[in-house]
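As structure tokens, the structure follows; a few thoughts come after it.
Here is the naming used below: chain letters follow the sequence lines, and residue numbers restart at 1 for every chain.
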Number of protein chains: 2
Amino acid sequence: MKKVSISDIARKAGVSVSTVSFVMNDKAVKMRISREVIEKVEHVAREMGYRPNQLARGLRTGKTKTIGLIVENISNAFFATLAKSIEDEAKRYDYKVVYCSTDNDEDKARDLINMLSQRQVDGYIITPTLNLADDIHKLQAENKPVILIDRYFPQHEEIPSVLVDNYEGVSRGMEALIAKGYRKIALVTIETEMAHMKDRLRAYCDVLKRHGIAEEHSRVKIIPYNSDHEKALEEVERLLSGAGTDIDAVFFLTNYLGVLGIEVIKKLRIKVPEQLAVICFDDNDIFRLYTPTISVIRQPVEEIGKKAMFALIERLRHSGEETYPVNIPVRLTADLVARESI
Amino acid sequence: MKKVSISDIARKAGVSVSTVSFVMNDKAVKMRISREVIEKVEHVAREMGYRPNQLARGLRTGKTKTIGLIVENISNAFFATLAKSIEDEAKRYDYKVVYCSTDNDEDKARDLINMLSQRQVDGYIITPTLNLADDIHKLQAENKPVILIDRYFPQHEEIPSVLVDNYEGVSRGMEALIAKGYRKIALVTIETEMAHMKDRLRAYCDVLKRHGIAEEHSRVKIIPYNSDHEKALEEVERLLSGAGTDIDAVFFLTNYLGVLGIEVIKKLRIKVPEQLAVICFDDNDIFRLYTPTISVIRQPVEEIGKKAMFALIERLRHSGEETYPVNIPVRLTADLVARESI
DNA sequence: GATACAGACTAAATCGTTTTAGCCAGGAAA
DNA sequence: TTTCCTGGCTAAAACGATTTAGTCTGTATC
């Protein structure tokens, strides 16, 4: 069984292709098509089960009503939730979302942008990797709006972004730890040049300095990005084995690292918070349900999705009006959710 | 800056559009295009940064190199992992994936199928909802292959599916509980007519019967699908408050229910496994890291994704050969991962 | 009686590819 | 000299929509 096209309907209804098109696009009245013809065409279309071919439509109009979403890894809870919120929001504006994962690989990200561009998506929401600014500029030059989420390029204000104030978030967590009397605060982060992580790290250093606490090099563990699970566990284990002596608190700078940390804490049977206070950037079911419950800096994931989608739709609407005037980066707040672990 | 098309290249290279097309599709040799022309065209294409328009290509060839993936909810860990494994696998075959979530809503699922169909995806991998068989038949009639995952229609063998043997999986868990001496085993499931859940429930009943244990109605809790988090918590709490007296073990039939259960167990400070043994269908980071660790029936998620993708690609390859001969449903085994909770 | 205009449509170009069916020149075979 | 290849390309149709610029009829206006 073949798909029915507009001309099949035209033939069956005894009218021209144009007439059918007008009827299907609610332009019939404007085009002064008579009531009877409209009804006839609608009837035939329904009867034959007509569904417009979006490829043809997109080719002709240049609009696919599709947006590309590039995240780091769709199987990660944070990105999966983000993706769902963007999908839901997109539906409200009658857009469809195509997702893909970069695995934080620069080349893969570039490939994905190319692939989406070839598929003529109307706009992009991107969790960028390093060195992606030029590729994004190319999209913008083609008049395709791009919104960055979760990460940003501080030196490129022309690329709008929606994310939390990472510096402020980590500062909040650090202040809470210090207020509770912890002084030997360790940090676990991931090796990257991306600004959002540097902001988090900077907050750690600044808060320590502000309180006159020396920053011990041995308390900061930087996990290389593509070290496997086992290797990363070992590294964290080395750091946390000092719990109760060298360190009295630990701040995990990402969700994934926090889960890794829990695994180590469990294995080493570290008493939280007696031997070690724990706080993690970004929430997760585990942190809420672990015993003791783990304090986190919570990102408003849904809101990031909503705001990013909104920003994109705005630009899609105003597309053609040369440069969209308002390019103010959106910064949401990441709040401390204090639980039993501190 | 506009996108470059094949005819821009043709003009600049001083050849015809056809020639450019042949060169870009590695048909140049077959079409006996001379070495010099090939090189010239390739050079110009590279120089202008040519990227073929997939809409146009798809319109002409009828193939979009895209497959549609419909899951229940992309923000759920199980489906997110599944999606990632399918995305990775698809890339190996040079296909792109478009995902969407049904939220287990029949009408939404239908809409999604329509939307993907309008976008001319080449094939589908679907986590079906109830009453979707007819819509899937329509896809098959249009010669679009469909593979079901996670769920299936027992009365429709013509729709191939890839999933675990749910009956066997639950049986394994039940046998393990009984072997450990538990007799008052409760069950928490979700209200649905879908066969995969009925299989799980049936296994529970059959194993009890086989061991001569009476099935107590009060020990089976069926949560309505769209009851909110709070309501579901209450229901589970009511059941689990009997821990140590009315019941000595509980089997959660889905991941989500298990997490809900953990929340209740934590709140009621139930001692696991002393007062209550716990087992859950489908693994999750929480179960591995909770104290005590929770036993699960683990589904080979990655393998489901791989096998489903493989089955789809097979059918895509053999498309046009009328009916693809082998339609044997793929059934993987779900193994018991025994942890501290039983 | 010519002009205008509204009403009800349709023809044809167009979007960017792929692909079939040729065209043309030159050399070999008959 | 005609016929037949063959090598090296190109023209044009087709995919399924949208959209601009008409075409006709018939009626109202001057």
Rounded to whole angstroms, how far apart are [atom1] on [X] and [atom2] on [N]?
{"X": "A:Arg32", "N": "C:dC5", "atom1": "CZ", "atom2": "P", "value": "13 Å"}
{"X": "B:Ile38", "N": "D:dC9", "atom1": "CD1", "atom2": "P", "value": "9 Å"}
{"X": "B:Lys65", "N": "C:dT18", "atom1": "NZ", "atom2": "P", "value": "13 Å"}
{"X": "A:Met31", "N": "D:dA21", "atom1": "CE", "atom2": "P", "value": "11 Å"}
{"X": "A:Lys40", "N": "C:dA8", "atom1": "NZ", "atom2": "P", "value": "17 Å"}
{"X": "A:Lys30", "N": "D:dA21", "atom1": "NZ", "atom2": "P", "value": "13 Å"}

**Per-nucleotide protein contact string for nucleotides 13-19 of chain D, where B marks a base within reach and S marks sugar-phosphate only (heavy atoms under 4.0 Å, - for neither)** = BBBBBBB
**Request:** Look at the side-chain N and O atoms of B:Ser34 and state whether any lies under 4.0 Å from the OP1 or OP2 oxygen of D:dG7.
**Result:**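 Answer is no, no contact under 4.0 Å.
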Do [X] and [Y] have a side chain donor and acceptor closer than 3.5 Å?
{"X": "A:Ser101", "Y": "A:Asp103", "value": "no"}
{"X": "A:Thr64", "Y": "A:Asp122", "value": "yes"}
{"X": "B:Tyr99", "Y": "A:Glu87", "value": "no"}

**Request:** For salt bridge (Lys or Arg N to Asp or Glu O under 4.0 Å), just list the numbers for B:Arg92 and B:Asp88, CA-CA rounded to whole Å, side-chain angles, deciding distance to a tenth of an Å, and then say yes or no.
**Result:** CA-CA 7 Å; B:Arg92 292 192 36 220; B:Asp88 289 347; over 6 Å; no
**Presence of salt bridge, A:Asp8 and A:Arg11, under 4.0 angstrom** =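 Between A:Asp8 and A:Arg11 there is a salt bridge, with a charged N closer than 4.0 Å to a carboxylate O.
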**Request:** Could you pull out the closest heavy-atom pair between A:Ser117 and A:Tyr124, with the gap in Å?
**Result:**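 Closest pair (atom of A:Ser117, atom of A:Tyr124, distance): CA-OH, 3.2 Å.
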